[in-house]
Amino acid sequence: MNDLFAKFDPLIQQRQQLLDGGVTDPFNLVMERVESPTVAICNGKRTILLGTYNYMGMTFDPDVIAAGKQALDDFGSGTTGSRVLNGTYAGHRAVEDALKDFYAMDHAMVFSTGYQANLGVISTIAGKDDYIVLDIDSHASIYDGCALGNAQIVPFRHNDVDALEKRLKRIPEGAGKLVVLEGVYSMLGDIAPLKEMVAVCKANGAMVLVDEAHSMGFIGEHGRGVAEAQGVIDDVDFIVGTFSKSVGTVGGFCVSNHPKFEILRLVCRPYVFTASLPPSVVATAATSVRKLMDSADKRAHLWENSKRLHAGLRQLGFTLGTEEPQSAIIAVIMPDLETGAAMWEALLHEGLYVNLARPPATPAGMTLLRCSLCALHSEEQVGEILDMFAAAGRATGCLS
Ligand SMILES: Cc1ncc(COP(=O)(O)O)c(C=O)c1O
């Protein structure tokens, strides 16, 4: 018998080598108790959370929790069905209405995850004879959406407007063209030059989808994302987002002003052939989305946190993914996986959780310690975080 797992042997060996070196498995951490959006108990120790994408700290919001509890009492624990059969409850409509209001758009469609939103929308609107032009650093859900629809994939160099234009101009006349971009790229925390890119797309007759997973709630005057901040939201055809970051629960969505958008509910397989979100989840999401409309003070505080952490880490001597803070993600670049894993563990030992990211998820084979800030991190916590980075950096030899 040919062992179908043989292809994983190099990864199994690499992982084993890391664990044999005495390092805690960075991809198997258990949060024993979660006390707030910024603090959990891990290995019995109070740990500051700096790697949860809980940007707006909505997971413990009292109104959000009350809405979820009420929906559990009123509608039960699950829908046991697809949105197109028995799985559309009043709460699913309510969260789609909240999204339409949040983005000031005509249509909103909710999926069971953000991954499925990309998978569904991209694969359904761009098929075999269509072209998808996408940033090479796009999220896995975008690549998987392209593969599911079997479209022609044309990647271009990360955030390179000229490269995007060149690729678009090479596409045969008359072919369907979809450009897929992200507002914030989650590995390095850098933002896309959407103003220039969307203009190039429109000049070349392409539709544009922007994944605003890491900007919703935080970036832009109303928290609508990078497209809003750069003044091009009206020219974007589809915005995809998730409830698993700023909204503080689980789920995904797409909003659009396209007049034929609603037909997707009948033809989009990752929407049709799966159960809908539980009533408690859509109730928490709707409440959270509506509260995010009115969160300018939290957005301002989160920017302050991002600036303080970025400046502090640079001052300590770490190499960061961006010259300036561009989002709530700050990536610390490690020289290699072994050092990254040692630093990750030293930070955990200090009482700080960050994400260890490694290839193939990262660009250019980088190992990163990804930090995602929360609007509820206090100024004191950011100070504590910097002290922990200094101590872990010295303990591992990353800092002299
Ligand atoms: C850019 C981007 N798009 C989509 C997703 C998928 O979101 P979800 O967690 O809701 O599946 C993620 C999640 O990491 C993401 O970073």
Side-chain angles (χ1 to χ4, degrees), residues 27 49-56 58-59 92 95-96 99 108-123 132 134-148 155 158-159 178-192 194 197 208-219 224-227 236 238-255 268 270-271 274-278 281-282 284-286 288-289 292 321 326-331 354-358 360-363 368 370-374:
F27 306 110
L49 299 174
L50 190 68
T52 60
Y53 318 110
N54 194 354
Y55 301 122
M56 299 297 281
M58 299 306 284
T59 48
H92 296 83
V95 70
E96 286 172 345
L99 286 166
M109 194 169 155
V110 164
F111 292 77
S112 299
T113 64
Y115 176 88
Q116 276 170 278
N118 271 330
L119 198 68
V121 176
I122 296 171
S123 66
I132 299 176
L134 80 172
D135 190 293
I136 198 152
D137 288 351
S138 292
H139 188 259
S141 56
I142 294 174
Y143 276 103
D144 292 356
C146 297
L148 186 67
H158 179 56
N159 272 350
L178 174 68
V179 174
V180 182
L181 305 168
E182 291 178 36
V184 172
Y185 285 86
S186 67
M187 286 299 148
L188 296 178
D190 55 335
I191 59 167
L194 287 187
M197 287 184 154
V208 188
L209 181 153
V210 181
D211 179 335
E212 297 272 18
H214 293 275
S215 47
M216 182 196 185
F218 171 41
I219 296 182
R224 292 174 188 150
V226 178
V236 170
F238 310 97
I239 291 179
V240 165
T242 173
F243 296 156
S244 72
K245 307 190 194 305
S246 286
V247 179
T249 177
V250 67
F253 63 86
C254 181
V255 292
C268 180
Y271 177 84
T274 195
S276 64
L277 288 167
V281 169
V282 284
T284 56
S288 180
V289 167
L292 289 176
Q326 297 185 16
S327 68
I329 299 171
I330 293 167
V354 299
N355 293 145
L356 177 67
R358 60 170 190 79
T362 52
L368 303 171
R370 262 182 337 150
C371 308
S372 52
L373 284 147
C374 175

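Order of listing sets the numbers, starting from 1, for every ligand and every atom in it.
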Colleague: Of V240, V236, V110, I239, which meets side-chain contact (heavy atoms from CB on, under 4.5 Å) against V255?
Modeller: I239
Colleague: Show me which atoms of ligand 1 lie under 4.0 Å from any heavy atom of T113.
Modeller: 10 (O), 11 (O)
Colleague: Would you mind listing which atoms of ligand 1 come within a distance below 4.0 Å of any non-hydrogen atom of T242?
Modeller: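 Going through ligand 1 atom by atom, the ones under 4.0 Å from T242 are 7 (O), 8 (P), 10 (O).
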Colleague: Look at atom 16 (O) of ligand 1 and say which protein heavy atom is nearest, naming residue and atom and giving the distance to 0.1 Å.
Modeller: H214 NE2, 2.7 Å
Colleague: Looking only at protein heavy atoms, which one is nearest to atom 6 (C) of ligand 1, and what is the separation?
Modeller: Y115 N, 3.4 Å
Colleague: For I219 and V184: C-alpha separation, side-chain torsions, deciding distance, then whether side-chain contact (heavy atoms from CB on, under 4.5 Å) applies.
Modeller: CA-CA 9 Å; I219 296 182; V184 172; 3.7 Å; yes
Colleague: Given Y55 and H214, is the side-chain hydrogen bond (donor to acceptor under 3.5 Å, both in side chains) satisfied, shown in steps?
Modeller: CA-CA 8 Å; Y55 301 122; H214 293 275; 2.6 Å; yes
Colleague: Heavy atoms only, cut-off 4.0 Å: how does I142 contact ligand 1, side chain, backbone, both, or neither?
Modeller: neither
Colleague: Using a 4.0 Å cut-off to any heavy atom of N118, which atoms of ligand 1 qualify?
Modeller: 3 (N), 4 (C)
Colleague: Are E182 and S138 close enough that some pair of their side-chain heavy atoms sits under 4.5 Å apart?
Modeller: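 They are in contact (side-chain heavy atoms under 4.5 Å apart), so the answer is yes.
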Colleague: Report the member of V247, D211, T249 with the shortest heavy-atom distance to atom 4 (C) of ligand 1.
Modeller: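 Nearest option to atom 4 (C) of ligand 1, by heavy atoms: D211.
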Colleague: Can you see which heavy atom on G120 is nearest to which on F111, and at what distance?
Modeller: CA-CE2, 4.3 Å
Colleague: Show your working on side-chain contact (heavy atoms from CB on, under 4.5 Å) between M58 and L292 and close with a plain yes or no.
Modeller: CA-CA 9 Å; M58 299 306 284; L292 289 176; 4.0 Å; yes
Colleague: What residue and heavy atom of the protein are closest to atom 9 (O) of ligand 1, and at what distance?
Modeller: S244 OG, 2.9 Å
Colleague: Do me a favour and list the nearest non-hydrogen protein atom to atom 14 (O) of ligand 1 with residue, atom name and distance?
Modeller: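 Going by distance alone, atom 14 (O) of ligand 1 is nearest to K245 NZ, 3.1 Å.
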Colleague: Could you check F253 against V95 for side-chain contact (heavy atoms from CB on, under 4.5 Å), going step by step and ending with a plain yes or no?
Modeller: CA-CA 10 Å; F253 63 86; V95 70; over 6 Å; no
Colleague: Which is closest to atom 7 (O) of ligand 1 by heavy-atom distance: G251, G145, A117, G114?
Modeller: G114
Colleague: Check step by step if side-chain contact (heavy atoms from CB on, under 4.5 Å) holds for C268 and M109.
Modeller: CA-CA 11 Å; C268 180; M109 194 169 155; 4.2 Å; yes
Colleague: Among M187, H139, E212, E182, which one puts a heavy atom closest to atom 15 (C) of ligand 1?
Modeller: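 The option holding the nearest heavy atom is H139.
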Colleague: Please identify which atoms of ligand 1 are closer than 4.0 Å to at least one heavy atom of S141.
Modeller: 3 (N), 4 (C)
